[in-house]
There are 2 protein chains.
Amino acid sequence: MAWKILIVDDEPDIVDFIEYNLQKEDFITAKAYNGEDALRIAADFRPDLIILDVMMPQMDGIDTCRRLRQNPDLASTYIMFLTARSEEYSEIAGFEAGADDFVNKPVKPRALMSRISAIARRKSLTVDPDSNSVSHKGIKIDPSSYTVSIEDKELPFPKKEFELLYLLMSKPGKVFTREKILNKIWGESVYVVDRTIDVHIRKIREKIGDDMIQTVKGVGYKFVA
Amino acid sequence: MAWKILIVDDEPDIVDFIEYNLQKEDFITAKAYNGEDALRIAADFRPDLIILDVMMPQMDGIDTCRRLRQNPDLASTYIMFLTARSEEYSEIAGFEAGADDFVNKPVKPRALMSRISAIARRKSLTVDPDSNSVSHKGIKIDPSSYTVSIEDKELPFPKKEFELLYLLMSKPGKVFTREKILNKIWGESVYVVDRTIDVHIRKIREKIGDDMIQTVKGVGYKFVA
DNA sequence: CCCTATGTTAACTAAATGTTAAGCAGGGAC
DNA sequence: GTCCCTGCTTAACATTTAGTTAACATAGGG
């Protein structure tokens, strides 16, 4: 998954330095040197992550962040602030504006990379292992262990199948359209063919029985109520 | 790990005296002369330990401590109070505010240092030696002796491997994500590569058998239930 | 009975983890 | 201080398995 990252800072040196390090790790990057540009470029580029300097002339990072958040297309975009240790900007204001993380300047490549991969990891998990298990019709799906039990017999479930079943079981009887499923489990910027969903559905049915998941032709799938 | 320590006292002489002693031992220090400054600096500096005078004009130590504790980033920060022997402030109030330790004024360097290194030792251990041993599937892991026994045969376990196994065994069946593992065992400000976890897992498996720890691909690891 | 949506299978690709060995750093012995 | 030992981390490479796709089969509404 090639991540797209937008780097925003008024100091070109810093932008270049970060870009260099990101490209080394095969990220796709875009640059902006002020808040205005950032907004414009972000709308086009649709980054997965925006690295945003807090302290910039004219529109500062907090402001930029707030306005970025107004674009619904960027709702799921991760925003990471760069702050100088001594800056008076409290992180509180940043969080209120919609920031997801903070990294101190001067930027240390390793720390930055590790933060980014932490974000990537988090984003890739649609089911949090701390959420509650759900049971219906003798089937229990448990995020804390990532297992599905049928009549107390535990079955191994790979990640995607697990997430898909969890989604369906979270609202038994409700039909999930293919589109919803794709958005929820694969995310907005991932392109997979419809058939992919079918294949996962089939594998799930193979394990828990054919009649637990119903097809609503032309609409989607539902877990029987 | 170079420890960061914030010293807070309204008397500059005392601050300087403590700072001098700490720097001699290679600690990284920051200073504040009142509660307000302490809060601000702490948010930025992210100290591992805060040495806090109880008796200060305006915001006293208890108050400062209470407000420091409201910052979630400082949750794991150790707070050590400086109290004059004669002060009426009871330690109760201090503990309630979230203090971890008390040291009497006048400060004696050696006593202070030994207290700090005691704290450092404790903090560097993610596993408290006072906690209880855990047994599953013929494997017993005992924090009080830092040993792992398999069928009553004791095996040598280095620290990291021990902590990792202890974490997993503390909740058998539960999946721990890489992120959780990193945070719990390495801490938030340490950056290691994912592969490091795998290597430790491998060494543990080598000792206790391959099937005790299961991989949940794309999610994390779990100790078999 | 046709047309389209879905089912099914197996091959393929890509991502995640397993594994090995080498480098490094801290602590203790001398 | 220097040497050695041990444990931690990393990089490089191998392996595994989940995930995806293509190709073809089937079913059911109109």
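Everything quoted here is computed from the prediction, not taken from an experiment. Here is how names work: the chains are called A, B, and so on, in the same order as the sequence lines, proteins then strands, and each is numbered from 1.
For the contact set between residues 201-217 of chain B and DNA chain D, defined by any heavy atom under 4.0 Å, the members are B/Lys203, B/Lys217. The stretch residues 159-178 of chain A touches DNA chain D through A/Lys159, A/Lys160, each having a heavy atom within less than 4.0 Å of the strand.
With sequence neighbours excluded, no residue satisfies side chain to side chain donor-acceptor pair (under 3.5 Å) with A/Ser76. Partners of A/Asp73 under the side chain to side chain donor-acceptor pair (under 3.5 Å) rule, at least two apart in sequence or in another chain, are A/Arg46. Judged as a side chain to side chain donor-acceptor pair (under 3.5 Å), and not counting sequence neighbours, A/Asp128 has no contacts. For A/Ser145, the side chain to side chain donor-acceptor pair (under 3.5 Å) partners are A/Asp142, A/Thr147, not counting sequence neighbours. With sequence neighbours left out, the side-chain contact (heavy atoms from CB on, under 4.5 Å) criterion links A/Ala111 to A/Lys108, B/Tyr191. Residues meeting the salt bridge (charged side-chain N to carboxylate O under 4.0 Å, His left out) test with B/Asp9, sequence neighbours left out: B/Lys105. For B/Lys180, the salt bridge (charged side-chain N to carboxylate O under 4.0 Å, His left out) partners two or more places apart in sequence, or in a different chain, are A/Asp130.
For the pair A/Arg195 and B/Phe157, both in contact range of DNA chain D, the more 5′-proximal nearest nucleotide belongs to B/Phe157.
Nucleic acid contact class of A/Tyr221 (heavy atoms, under 4.0 Å, all strands): sugar-phosphate only.
Contacts between chain A and DNA chain D, taken as any atom within less than 4.0 angstrom of a protein heavy atom, begin and end at D/dT10 to D/dG28.
Rounded to an integer number of Å, the gap from A/Asp198 CG to C/dA5 P is 12 Å. Rounding to whole angstrom units, CG of residue A/Leu125 and P of C/dA15 are separated by 17 Å. What separates NE2 of B/His200 from C1' of C/dG18 is a distance of 15 Å, to the nearest Å. For A/Ile181 and C/dT6, the CD1 to P distance is 11 Å, given to the nearest whole Å.
Listed by first then second residue, pairs satisfying salt bridge (charged side-chain N to carboxylate O under 4.0 Å, His left out) with a partner in residues 186-197 of chain A read A/Arg178-A/Asp194, A/Arg195-A/Asp198, not counting sequence neighbours. Annotation: salt bridge (charged side-chain N to carboxylate O under 4.0 Å, His left out) contacts involving residues 155-177 of chain A, sequence neighbours excluded, comprise A/Glu161-A/Lys207.
Between B/Lys31 and B/Asp16 a salt bridge is recorded (basic side-chain N to carboxylate O distance below 4.0 Å).
Dense packing is recorded around NZ of A/Lys4, with more than 12 heavy atoms of other residues, nucleotides or ligands lying under 6.0 Å away.
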